[in-house]
Undergrad: 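Before we start, here is the structure in question, set down as structure tokens.
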Amino acid sequence: MLLHGAGVAGEITYSPMLPYLTQWRWMLVPDLKGMGESFHHHGEEEAVTIDELTDEIEALLAHLKWDDFDAVAYSLGGLVALNLNYRRQQQGKPKAKMALLEPASLDREDLSNLMEVRLKYRHASKLIRETGDVELGVAQFMDGVSPNRRKHPVAEATTQSRLAHRPFGFAYALDAVTNHVEIMSQEPSLREALIDASDQVFLFSGELSHEALKQHYELLNQNKVEWEHKVMSACDHSLPFQKPRQIANHINKWFAMSS
């Protein structure tokens, strides 16, 4: 199962990578609600929560009778995947082995620092929803999530157009993560439980991403026996779009290792 990040459909996120993934017969690439081809029942965009998105993935897995699966997840999808494993642990179900590409909520070790970062994203989402200035809101988000990125005009325009496809859905997805981080910052044991519920995790980070993000991933790598961390050269937060083939090769090797 492959879960996308905020604002960009699963197919757009993973289609460059799928041809190189060799470990699986079936691949499930859903769109989370408010993104891609997934809509609220009444058709209007509205607020979502991480628990609500996790509920929907659980319902999809139950419908397909998928009880044993691997997970690849990016950004927002990474937080949903971690939350899913946390629930599966509580339910006594088998937990997924995972590869996570800069998962939301792990980008700083210190939760108060993480909350400061998230408040910038809340400002970006508010700009989109209240002023309709999608370009400015997306630019603010990109400056927060990838401040050291190499600003090639074509790459910037491509990212802008991807995130502007359903801008309100993107804004509400950003808020879903921020709201979840806010709960964690008030009750730090929640994030610890979320991390501890996943036994086997391969973390990807971009070389151009924030040093504090990479440092936290390294710490998790050192402290948790079956967690690995790989820094992808010349990448920022957009890494699934930047190095799909190389990431797929690492994913293949990771999941080929016996659990």
Undergrad: Rounded at 0.5 Å granularity, tell me how far CG in L219 sits from CG in L106.
TA: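 It is 11.5 Å, given to the nearest 0.5 Å.
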
Undergrad: Check whether any side-chain N or O of Q242 sits under 3.5 Å from a backbone N or O of D236 as a donor-acceptor pair, and report yes or no.
TA: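 Side chain of Q242 to backbone of D236: a pair is present.
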
Undergrad: Do L82 and M98 have side-chain heavy atoms sitting under 4.5 Å apart?
TA: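 Of all side-chain heavy-atom pairs linking M98 with L82, at least one is under 4.5 Å.
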
Undergrad: How about K224: does its NZ atom have over 12 heavy atoms from other parts shown lying under 6.0 Å from it?
TA: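 Result for NZ/K224: enclosed.
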
Undergrad: Assess, by modelled atom type and distance only, whether the side chains of E58 and Q91 contain a donor and an acceptor separated by less than 3.5 Å.
TA: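 Note: E58 and Q91 side chains meet the donor-acceptor criterion.
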
Undergrad: Do you know the tightest heavy-atom contact between L100 and G78?
TA: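 Result for this residue pair: CD2-CA, 4.1 Å.
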
Undergrad: Looking at S105, is its backbone amide N or carbonyl O close enough to the side chain of D107 to form a donor-acceptor pair, meaning the two atoms are under 3.5 Å apart?
TA: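 Checking the backbone N and O of S105 against the side chain of D107, a donor-acceptor pair under 3.5 Å is found.
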
Undergrad: Less than 4.0 Å between a side-chain N and a carboxylate O, is that true for R88 and D67?
TA: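 Yes, D67 and R88 are salt-bridged.
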
Undergrad: Once rounded to the nearest 0.5 Å, what's the spacing between atom CD of E56 and atom CG of L32?
TA: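 E56 CD to L32 CG: 8.0 Å, rounded to 0.5 Å.
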
Undergrad: Can you tell me how far apart OH (Y86) and CG (L194) are? Round to the nearest 0.5 Å.
TA: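 Rounded to the nearest 0.5 Å, the OH-CG separation comes out at 8.0 Å.
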
Undergrad: Under a 4.5 Å cut-off applied to non-hydrogen side-chain atoms, are Q140 and H123 in contact?
TA: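 Yes, their side chains come closer than 4.5 Å.
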
Undergrad: Does atom NE2 of H42 have more than 12 heavy-atom neighbours from other groups under 6.0 Å away?
TA: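 Yes, because the 6.0 Å sphere around NE2 of H42 holds more than 12 heavy atoms from other groups.
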
Undergrad: Do NZ/NE/NH1/NH2 and the carboxylate oxygens of D196 and R191 come within less than 4.0 Å?
TA: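 The answer is no: the pair does not qualify as a salt bridge.
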
Undergrad: Give the minimum heavy-atom separation between P103 and L79, together with the two atoms involved.
TA: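 Between these two residues, the closest heavy atoms are CB-N, 4.5 Å.
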
Undergrad: Is there a side chain to side chain contact (heavy atoms under 4.5 Å, CB included) between H4 and M35 once you walk through the steps?
TA: CA-CA 9 Å; H4 62 79; M35 290 155 275; 3.6 Å; yes

Undergrad: Would you call F170 and V138 a side-chain contact if the rule is heavy atoms closer than 4.5 Å?
TA: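 Answer yes - side chains close enough.
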
Undergrad: Same cluster or not: L21 versus M257, using hydrophobic residues (I, L, V, M, F, W, Y) connected whenever any side-chain heavy atoms lie under 4.5 Å apart?
TA: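 Same cluster.
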
Undergrad: Would you confirm whether N85, through its side chain, and A197, through its main-chain N or O, come within 3.5 Å as a donor-acceptor pair?
TA: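 Such a contact is absent between N85 side chain and A197 backbone.
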
Undergrad: How about L2 and L28: do any of their side-chain heavy atoms sit closer than 4.5 Å?
TA: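 Not in contact.
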
Undergrad: Side chain to side chain contact (heavy atoms under 4.5 Å, CB included) between Q186 and M115: does it pass, once the steps are laid out?
TA: CA-CA 10 Å; Q186 290 160 6; M115 198 59 222; over 6 Å; no

Undergrad: About how many Å separate CG of L190 and CD1 of I195, when rounded to the nearest 0.5 Å?
TA: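 Rounded to the nearest 0.5 Å, the CD1-CG separation comes to 11.0 Å.
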
Undergrad: Looking at H210 and A212, would you say the former's side chain and the latter's main chain have a donor-acceptor pair under 3.5 Å?
TA: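 Confirmed, H210 side chain pairs with A212 backbone.
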
Undergrad: Can you spot which of R150, R162, R149 makes a salt bridge (charged side-chain N to carboxylate O under 4.0 Å, His left out) with E156?
TA: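 Checked R150, R162, R149 against E156; only one passes salt bridge (charged side-chain N to carboxylate O under 4.0 Å, His left out): R149.
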
Undergrad: Using the ring centroid of each side chain, check whether W227 and Y217 are separated by less than 6.0 Å.
TA: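 Centroid distance W227-Y217: not below 6.0 Å, so no.
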
Undergrad: Can we say K151 and D143 salt-bridge, meaning some charged N sits less than 4.0 Å from an Asp/Glu carboxylate O?
TA: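 Yes, charged N to carboxylate O under 4.0 Å.
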
Undergrad: Does any N or O in the side chain of N179 come within less than 3.5 Å of the main-chain N or O of D175, such that one atom is a donor and the other an acceptor?
TA: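 Judged by distance alone, yes, a pair lies under 3.5 Å.
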
Undergrad: Say whether, by atom type as modelled, one donor and one acceptor occur between the side chain of T159 and the main chain of A155 under 3.5 angstrom.
TA: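 Judged by distance alone, yes, a pair lies under 3.5 Å.
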
Undergrad: Quick one about N83 and D51 (side-chain donor to acceptor, distance below 3.5 Å, no hydrogens or angles considered), yes or no?
TA: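 Yes, because at least one side-chain N or O of D51 sits under 3.5 Å from a partner of the opposite role on N83.
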
Undergrad: Less than 4.5 Å apart, any side-chain heavy atom of L101 and any of V72?
TA: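 Contact flag for L101/V72 side chains = yes.
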
Undergrad: Kindly check if the number of other-residue, nucleotide or ligand heavy atoms within 6.0 Å of CD (E44) is above 12?
TA: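 No, CD of E44 has 12 or fewer neighbouring heavy atoms, counting only those of other groups under 6.0 Å.
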
Undergrad: So, the side chain of R118 versus the backbone of E182: is there a donor-acceptor pair under 3.5 Å, distance only?
TA: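 Pair absent, no side-chain N/O of R118 close to backbone of E182.
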
Undergrad: Would K33 and E52 pass as an ion pair if we require N to O under 4.0 Å?
TA: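 Answer for the salt bridge query: yes.
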
Undergrad: Would you name the heavy atoms of K243 and S233 that are closest together and state the gap between them?
TA: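 Nearest heavy atoms, K243 then S233: NZ-O, 2.7 Å.
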
Undergrad: Could you measure the distance from the CD atom of Q23 to the NZ atom of K253? Nearest 0.5 Å is fine.
TA: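 Answer for the CD-NZ pair, Q23 versus K253, is 11.5 Å.
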
Undergrad: Show the nearest heavy-atom pair for residues P167 and V134, with the distance to one decimal.
TA: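 Shortest heavy-atom separation between P167 and V134 comes out as CB-CG2, 3.6 Å.
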
Undergrad: Side-chain contact test, heavy atoms from C-beta onward, threshold under 4.5 Å: evaluate it for I251 versus Q246 and give yes or no.
TA: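 No, too far: nothing below the 4.5 Å cut-off.
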
Undergrad: Taking all atoms of both residues into account, what is the closest heavy-atom pair of A124 and G137, and its distance?
TA: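 Looking at all heavy atoms of both residues, the shortest contact is CB-O, 3.4 Å.
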
Undergrad: To the nearest 0.5 Å, how far apart are CG in L119 and OG1 in T178?
TA: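 Those atoms lie 7.5 Å apart.
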
Undergrad: Checking side-chain hydrogen bond (donor to acceptor under 3.5 Å, both in side chains) against S205, which of K230, E102, K214, H229 comes through?
TA: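 Option passing the side-chain hydrogen bond (donor to acceptor under 3.5 Å, both in side chains) with S205: H229.
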
Undergrad: Find out whether V117 and R108 are in side-chain contact, i.e. whether some heavy atom of one side chain is under 4.5 Å from a heavy atom of the other.
TA: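 Yes, side chains in contact.
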
Undergrad: Nearest heavy-atom pair of R129 and A171: which atoms, and what distance?
TA: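 Between these two residues, the closest heavy atoms are CG-CB, 3.8 Å.
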
Undergrad: For residues I57 and F39: do they belong to one hydrophobic cluster (side chain heavy atoms under 4.5 Å, members Ile, Leu, Val, Met, Phe, Trp, Tyr)?
TA: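 Not linked; separate clusters.
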
Undergrad: Please confirm whether the ring centroid of F204 lies under 6.0 Å from the ring centroid of F202.
TA: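 Close enough - the centres of the two rings lie under 6.0 Å apart.
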
Undergrad: So, for Y74 and H237, is the gap between ring centers shorter than 6.0 Å?
TA: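 They qualify: ring centres under 6.0 Å apart.
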
Undergrad: Do Y121 and V48 belong to the same hydrophobic cluster, where Ile, Leu, Val, Met, Phe, Trp and Tyr are linked whenever their side-chain heavy atoms lie under 4.5 Å apart, directly or via other members?
TA: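 Shared cluster, no.
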
Undergrad: Determine whether more than 12 heavy atoms belonging to other residues, nucleotides or ligands lie under 6.0 Å from atom CD of E37.
TA: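 For E37, atom CD is not crowded (no more than 12 foreign heavy atoms under 6.0 Å).
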
Undergrad: Other residues, nucleotides and ligands only: do more than 12 of their heavy atoms fall within 6.0 Å of CD on E11?
TA: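 Incorrect, the count does not exceed 12.
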
Undergrad: Would a hydrophobic clustering, with Ile, Leu, Val, Met, Phe, Trp and Tyr connected at side-chain separations under 4.5 Å, put L127 with L163?
TA: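 No; L163 is not reachable from L127 via cluster members.
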
Undergrad: Judged by atom type as modelled, is there a donor-acceptor pair below 3.5 Å linking the side chain of W254 to the main-chain atoms of V201?
TA: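 Checking the backbone N and O of V201 against the side chain of W254, no donor-acceptor pair under 3.5 Å is found.
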
Undergrad: I'd like to know if the side chain of D31 and the backbone of G10 have a donor-acceptor N/O pair within less than 3.5 Å.
TA: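 It does hold such a pair.
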
Undergrad: Take a 6.0 Å sphere around CD of E46 and say whether it holds more than 12 heavy atoms from other residues, nucleotides or ligands.
TA: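 Atom CD in E46 is crowded, with more than 12 foreign heavy atoms closer than 6.0 Å.
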
Undergrad: Test N221 against L203 for side chain to side chain contact (heavy atoms under 4.5 Å, CB included), laying out the working first.
TA: CA-CA 8 Å; N221 182 16; L203 289 170; over 6 Å; no

Undergrad: Please step through side chain to side chain contact (heavy atoms under 4.5 Å, CB included) for the pair H165 and V8, ending with a clear verdict.
TA: CA-CA 8 Å; H165 177 60; V8 183; over 6 Å; no

Undergrad: Should I50 and Y172 be regarded as members of a common hydrophobic cluster, given that ILVMFWY residues are connected when their side-chain heavy atoms come within less than 4.5 Å of each other, either directly or indirectly?
TA: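 No, I50 and Y172 fall in different hydrophobic clusters.
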
Undergrad: Please check: side-chain N/O of T131 versus main-chain N/O of I128, any donor-acceptor pairing under 3.5 Å?
TA: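 Answer holds: no.
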
Undergrad: Side-chain contact, heavy-atom cut-off 4.5 Å: F255 with W24?
TA: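 When only atoms from C-beta onward are counted, W24 and F255 do touch, with a gap below 4.5 Å.
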
